[in-house]
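In what follows, every chain begins at residue 1, and chains take the letters A, B, ... in the order their sequences are listed. The figures that follow rest on heavy atoms only: side chains count, while hydrogens, waters and symmetry mates do not.
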2 protein chains.
Amino acid sequence: MKIHKRQVIDVALALLDEQGLSELQMRAVASRLDVQASALYWHVRNKGELLTLMAAHFYNAALTSVPDGLAWREWLLTYGKALRGSLLGHRDSAQLCAIAKPLDEDAAAATDILTRPLVLAGLSRHVALSYQSSVISLVLGWCIYEQSEVLHDYLARVIGFDESFTTGLTAMVTGFP
Amino acid sequence: MKIHKRQVIDVALALLDEQGLSELQMRAVASRLDVQASALYWHVRNKGELLTLMAAHFYNAALTSVPDGLAWREWLLTYGKALRGSLLGHRDSAQLCAIAKPLDEDAAAATDILTRPLVLAGLSRHVALSYQSSVISLVLGWCIYEQSEVLHDYLARVIGFDESFTTGLTAMVTGFP
DNA sequence: ACCTGAACACCGTTCAAGT
DNA sequence: ACCTGAACACCGTTCAAGT
């Protein structure tokens, strides 16, 4: 039975949600596709590339969900919340993003797409990339803790995740010069 | 030859710096101590605990380096920079923190130590923990990207790491209500 | 108490061979 | 072009046995 690259990614994402990152094995992905593990290597260079593609999925989902035409502070707020939402939509996604190497496709092109809305809203490329980096970093770091099995329950009790995240993100974005 | 838990951690940290996280294997750590890999399991429950202890080392180094008596905004700024400095002092340290589970010692006690300086500076425990979480998240996320082999060179060219990080951290801390 | 030596289970990856 | 089947190297971990 023929399988496609897209299916490999989708099955891997489903497996991640159900079993977590530690149980995301090539054999497990293959088994869900009724295929041998070695078959995956026709579609994907190695496990690292699969993780990269999965991470790209999280980033893309956030980016495309933000509407056009926002002022840059609004855009950064909306994007930050969207990225957190995208990550929290899957299990262990932030850890995955932390260990996945970014796509080796031209980094310049990637950051170009990422900063375009901000540049259109009037920021210079340099400032846009700088602000964007801070927002993404905050979200990634935050979700790593929020998704941590050990910390989650305790932190959820003493701080409200939603409320505290919004406070931090808002502080940063309104604090930008 | 007898070895001690501290040596295991120190050797692991040295190995991390030289070879990176992917080459941090129990056998490699043991070999440096002229000991069999199985001997490590007398001192450490498993590799996960070793990673946890290494991560705790990074967090502790930052915390103890911040002087007493600062106003809370100053404290957060100093701590944020210190934590980034501590992480950048070792290779792949942010990735390590992202995958290491926190110490299973009482989470309440741990956050207590972390927020004490802020509480002494006049913040409520709730607000202190909330702000602290945002700062730590920003630093962790930031260092993950800064230490990424693939991204580092490109990002270093288009943004200044030091300058952009300071911008983001300062914006957040001054933006806190 | 602390370490050795050998073993086990598991996992990513390769590759010749099939269709 | 795309998959199978078998194999290999490697790694975390266990455990009886030593001292």
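No single ILVMFWY cluster, assembled from side-chain heavy atoms under 4.5 Å apart, contains both L77(A) and V119(A).
For DNA chain D, runs of at least 3 consecutive pairs of the Watson-Crick or G-U wobble type, with both hydrogen-bonding distances under 3.5 angstrom, map to C:4-8 with D:12-16, C:12-16 with D:4-8.
A cation-pi contact links R84(A) to F165(A), judged by a cut-off of 6.0 Å to the six-membered ring centre and 45° from its axis.
In this structure, the side chains of L96(A) and H90(A) stay at 4.5 Å or more apart for every pair of heavy atoms.
Under the side chain to side chain contact (heavy atoms under 4.5 Å, CB included) criterion, E23(A) pairs with Q19(A), Q25(A), not counting sequence neighbours.
Here the CG atom belonging to L169(A) is positioned 10.0 Å from the CG atom belonging to L83(A), to the nearest 0.5 angstrom. Summarising the geometry, atom CG belonging to L53(B) is positioned 10.5 Å from atom CG belonging to N60(B); distances are rounded to the nearest 0.5 Å.
Along DNA chain C, read 5' to 3', the first and last nucleotides having any atom under 4.0 Å from a heavy atom of chain B are dA1(C) to dG5(C).
At distances below 3.5 Å, not a single donor-acceptor pair connects side-chain atoms of T52(A) with backbone N or O atoms of A100(A).
Taking 4.0 Å as the cut-off between side-chain N and carboxylate O, R6(A) and D10(A) count as a salt-bridged pair.
Within residues 23-36 of chain B, the residues approached by DNA chain D to less than 4.0 Å at the level of any non-hydrogen atom are L24(B), Q25(B), M26(B), R27(B), in residue-number order. Residues from residues 2-10 of chain A that place a heavy atom under 4.0 Å from any atom of DNA chain D, listed by number: K2(A), I3(A).
Heavy-atom nearest nucleotides on DNA chain C were determined for H43(B) and for A39(A), and the one closer to the 5' end corresponds to H43(B).
A side-chain donor from one of Y154(B) and T111(A) sits under 3.5 Å from a side-chain acceptor of the other.
In this structure, the ring of F161(A) has its center less than 6.0 angstrom from the ring center of H152(A).
Heavy-atom minimum distance, V44(B) versus N46(B): CG1-O, 2.9 Å.
The salt bridge (charged side-chain N to carboxylate O under 4.0 Å, His left out) contacts involving residues 46-65 of chain B comprise K5(B)-E49(B), where partners must be two or more places apart or lie in separate chains.
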